[in-house]
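This report refers to the structure that appears directly beneath it.
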Amino acid sequence: MGKNHPNVEPYVASRVRALESLLLEKGILASDTVDKVVGRFQDDTGPMIGARAVARAWVDPAYKRLLLDNSAEALAQFGLRYDMLNVVENTPDVHNVVVCTLCSCYPWPVLGLPPAWYKSPPYRSRVVIEPRSVLREFGLEIDDAREIRVWDSSAELRYMVLPQRPPGTERLSEEELVPLVTRDAMIGVADVPSPALVG
Amino acid sequence: MGKNHPNVEPYVASRVRALESLLLEKGILASDTVDKVVGRFQDDTGPMIGARAVARAWVDPAYKRLLLDNSAEALAQFGLRYDMLNVVENTPDVHNVVVCTLCSCYPWPVLGLPPAWYKSPPYRSRVVIEPRSVLREFGLEIDDAREIRVWDSSAELRYMVLPQRPPGTERLSEEELVPLVTRDAMIGVADVPSPALVG
Amino acid sequence: MNSVHDMGGMHGFGPVEREENEPVFHDAWERTVCGLNFGLLRARAYNLDEFRHGIERMQPARYLASTYYERWLAGMTRVLTEKGVVTEEELDRRTALIQDNPDATPAPAASSASGEPFQPPATTSGTHPFRRPAAAPPRFALGDAVVTRNIQPHAHTRLPRYARGKRGVIDRLHGVFVFPDANAHERGEEPQPVYSVRFDARDLWGESVEGREALYLDLWETYLLPA
Amino acid sequence: MNSVHDMGGMHGFGPVEREENEPVFHDAWERTVCGLNFGLLRARAYNLDEFRHGIERMQPARYLASTYYERWLAGMTRVLTEKGVVTEEELDRRTALIQDNPDATPAPAASSASGEPFQPPATTSGTHPFRRPAAAPPRFALGDAVVTRNIQPHAHTRLPRYARGKRGVIDRLHGVFVFPDANAHERGEEPQPVYSVRFDARDLWGESVEGREALYLDLWETYLLPA
């Protein structure tokens, strides 16, 4: 097959295969590295742990206090060792939203791999200077009197929002609350919708 | 000739021809507009007028004063009507350099069309924050004790540098001085070299 | 607007690349773009501030990937289509026609649009096209300490990001000029005094300054507050 | 460095584009890039700050034209070649070989580089890889007024342009951490306290602020001065 093979793979894909093969050849990485790393992100993490912590904080005031004050201990209850996390709480007076303007810092172990928009120039450039406009595009209208706190993850600490418990969930158990908690709510670009609205 | 014609002109060239033909058709512009505009820039202006003004300022102190205080009157001596120009003088204590960070403002009637580097991101971004490094790349070493003044052309005024008269030119006439004065010296990224060095 | 055109103080673009014996234009189409733009400004199809704002609104990736006259073409086209002088559709159609028929004359040559002889473009020569008579005395005098306002307009502005919220000194009074922040948006001329303001480089860039350096910007009165 | 990666406060990129049911990776090669990078960080082929600085040094036009994992690949390749782990030439040659022989196995599969089982990447989980013991009491206390330094380093920094020379208040003490400005440049770790600093949005963005807004940044002690 020559250079003009019509089904030649995109250059970037070949370059990645080339890099991987060189790193294996040189003994820098083991052949199963990619599968192990990515498998962990795809299987073991994801928004589930964040959602479980949020649901527990909603039903258990002591756990909520622990999550806000010592997230490492709070996350250990779900088998996760992770001591970089700061959890910031939404209240009637305060709405929190998380960004990394300089690159793409994100609490992967509790929220999974970040969505493309979180890493995109529009979000990174705008949410620090016009958070109300950005949140409005996400469908979230924040009253001018309510303070928006934007957390720009500039160091080796990560942020997760503890959203407000939606009305109409008073009788739900912790297990029933977990699936209501969305990734976007834990980034701070959405509220957790009331289950009545979700249907 | 179809879409796969091998000698098809670049898309941008066709688009410009398309725009021109539409503007002519609609009677917005006359068919000779481009030739007249560009002819004027290519023939009637250029670094010549700037160089002539500099050479005269070097030999005639009264003219120099006029050029610095009222450039419009000074330029009128060369048949140019142009009242946007500020001339800034290099001295043993001060070196001036001109830029337009936001677009490409430049004193075309006295210096001709600007070189590509003047309009390029490297020059626009850097000369305001690290003028000494930029001038060094142009071969101009400015002593730390000498003040560099950077003129960022942010309004409808234009800047031209009056360079220092080089040593070894004491006996030269105004006419002999004119060809020594370079465009780069009037932008402020070069000195006028001594004719002994030019050879 | 704070787009990538406002690049004063950025790093990462590399060294200034100079071209030996640079031609005035690198291609015939660049010459046409240059001529058309000055003709359109002269014909008042748009004004200079509108044209600049047309360029500034290019997608940043496209702005940086474009050559100088490609940016001009993008700015011209943007403003002409917004004003309804031409439509995107007719421009696309005409371009395709020319691509398919490179040797054809694309349209009947128009006769001169007006009988008057061409004048030098108002934006580069002649009496100053943006100067206006003074309506009131200027607010600031030579030597006054000022601080620039910290504004972040989405609209056109000529106050660059690096000079916002910074202290400077009035160095020259230039007279009264049309205000670009209004003129780019069909808000009228709002003429006001323009001052040359001197900034110590350390007040702009802090400790990183390499030696004795000052920056001079020409700023409209609206941009300035007493320090 | 003040390159285009430092984009907080820029306009012109358009609306935030969301993708419904977004896959974790859009192509198999993205998955490989992700896995390789965390493997390389874990293997200490480079550190996280070096990797980030590799991305930041992309030509701004290329940075903006690239997708997220294309930027990762560029940053990884830059640092690996600078450190001599691979050379540009062998990477180009191997890539060409693969393009010409898409179905061939490009190289004999290597056996496991080490016998130890894979551990979660140090940068995202486990005990904190950048935290260090405190050597001295922190300079600032909760509630202290501070002002960020106005610095313009060509080197790597985590003090964004929009927060330089600005007043804020110490909101949290996070402890002592490796200093990226040193760690990205083989200058050692220079560990120092990191603080969460609260800025009133009006102190950063001036009059343009839409409502009650505050920004919080995690800043190393070197970045801060008493206000």
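All values below were derived from every heavy atom in this structure, side-chain atoms included, with hydrogens, water molecules and symmetry-related copies excluded.
Contacts of D:S66 with chain A are absent, with no heavy-atom separation under 4.5 Å from either backbone or side chain. With a 4.5 Å cut-off on non-hydrogen atoms, D:H174 touches chain A through its side chain but not through its backbone. Interface residue A:P10: only backbone heavy atoms are found under 4.5 Å from chain D. At a 4.5 Å heavy-atom cutoff, A:D143 makes no contact with chain D through either its backbone or its side chain. For a residue to count as touching a neighbouring chain, one of its non-hydrogen atoms must lie under 4.5 Å from one of that chain's; by this rule D:L215 touches chain A with backbone and side chain alike. Residue A:A145 touches chain D through its backbone alone, counting heavy-atom pairs closer than 4.5 Å.
Listed for the A:S14 side chain is no donor-acceptor partner under 3.5 Å among the backbone atoms of D:I98. A:E137 places a side-chain N or O within donor-acceptor distance of the main-chain N or O of D:V16, the cut-off being under 3.5 Å. Under the 3.5 Å distance criterion, the side-chain polar atoms of D:E22 are matched with a main-chain donor or acceptor of A:A116. A donor-acceptor contact shorter than 3.5 Å links the side chain of D:W205 to the backbone of A:V128.
Summarising the geometry of A:P122 relative to D:F13, their closest heavy-atom pair is CG-O, 3.5 Å, with the distance given to 0.1 Å. Scanning both residues, A:V88 and D:R172, for their nearest heavy atoms gives CG1-NH2, 3.8 Å. The two residues A:V16 and D:L36 make their nearest non-hydrogen contact at O-CD1, 4.4 Å. Across all non-hydrogen atoms, the minimal contact from A:V37 to D:G39 is CG2-N, 4.2 Å. Across every non-hydrogen atom of A:S153 and D:R158, the tightest pair is O-NH2, 3.4 Å. In terms of heavy-atom proximity, A:P131 sits nearest to D:E210 at N-OE1, 3.8 Å.
Most heavy-atom pairs under 4.5 Å with chain D, from the set A:P114, A:A72, A:C105, A:S133: that is A:S133. Here D:V85 is the residue among D:V33, D:D27, D:V85 with the most heavy-atom pairs under 4.5 Å with chain A. The candidate from D:G12, D:G14, D:A28 with the greatest count of non-hydrogen atom pairs under 4.5 Å with chain A is D:G14. Each of D:P15, D:A201, D:A163 has some count of heavy-atom pairs under 4.5 Å with chain A, and the biggest count is that of D:P15. Most heavy-atom pairs under 4.5 Å with chain A, from the set D:T32, D:T67, D:V178, D:T77: that is D:T32. Note on D:A214, D:G211, D:G8: by heavy-atom pairs under 4.5 Å with chain A, the leading option is D:A214. For chain D, the option among A:V134, A:V97, A:L23 with the highest count of heavy-atom pairs below 4.5 Å is A:L23.
Note: A:S125 OG to D:D6 CG = 11.5 Å, rounded to the nearest 0.5 Å. To the nearest 0.5 Å, atoms CG (D:L80) and CG (A:L19) are separated by 6.0 Å. Of the inter-residue distances, the one linking A:C103 atom SG with D:I55 atom CD1 reads 7.5 Å to the nearest 0.5 angstrom. Between atom CG of residue A:L102 and atom CG of residue D:L217 there is a gap of 8.5 Å, rounded to the nearest 0.5 Å. Separating the OG1 atom in A:T101 from the CE atom in D:M10 is a distance of 12.0 Å, to the nearest 0.5 Å. The CH2 atom of D:W72 sits 6.0 Å away from atom OG of A:S104, with the distance rounded to the nearest 0.5 Å.
You'll find the side chain of A:R15 reaches within 4.5 Å of the side chain of D:D92, heavy atoms only. Between D:F25 and A:V38 there is a side-chain heavy-atom pair separated by less than 4.5 Å. At a threshold of 4.5 Å between non-hydrogen side-chain atoms, the residues A:F138 and D:R18 count as touching. Using a 4.5 Å cut-off on side-chain heavy atoms (C-beta onward), A:D35 and D:R31 make contact.
A salt bridge between D:R132 and A:E156 is absent, with no side-chain N of the basic residue lying under 4.0 Å from a carboxylate O of the acidic one. Taking a cutoff of 4.0 Å between a charged side-chain nitrogen and a carboxylate oxygen, A:E147 and D:R198 qualify as a salt bridge. Using a 4.0 Å cut-off between charged side-chain N and carboxylate O, A:R132 and D:E213 make a salt bridge. Under 4.0 Å is where a charged nitrogen must lie from a carboxylate oxygen, and between D:E90 and A:K26 at least one such pair does. Taking a cutoff of 4.0 Å between a charged side-chain nitrogen and a carboxylate oxygen, A:E20 and D:R94 do not qualify as a salt bridge.
Taking the centre of each ring, D:W29 and A:Y11 stay at or above the 6.0 Å mark.
Side-chain atoms of A:D152 and D:Y162 include a donor-acceptor pair closer than 3.5 Å. No side-chain donor from either of A:N86 and D:Y216 sits under 3.5 Å from a side-chain acceptor of the other.
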- prompt: Given D:R212 and A:D93, is the side-chain contact (heavy atoms from CB on, under 4.5 Å) satisfied, shown in steps?
  reply: CA-CA 10 Å; D:R212 287 186 58 199; A:D93 295 328; 5.8 Å; no
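Taking a 6.0 Å sphere around CD of D:E20, one finds it holds 12 or fewer heavy atoms contributed by other residues, nucleotides or ligands.
The side-chain hydrogen bond (donor to acceptor under 3.5 Å, both in side chains) pairs that include a residue from residues 110-124 of chain A are A:R124-D:Y63, where partners are two or more places apart or lie in different chains.
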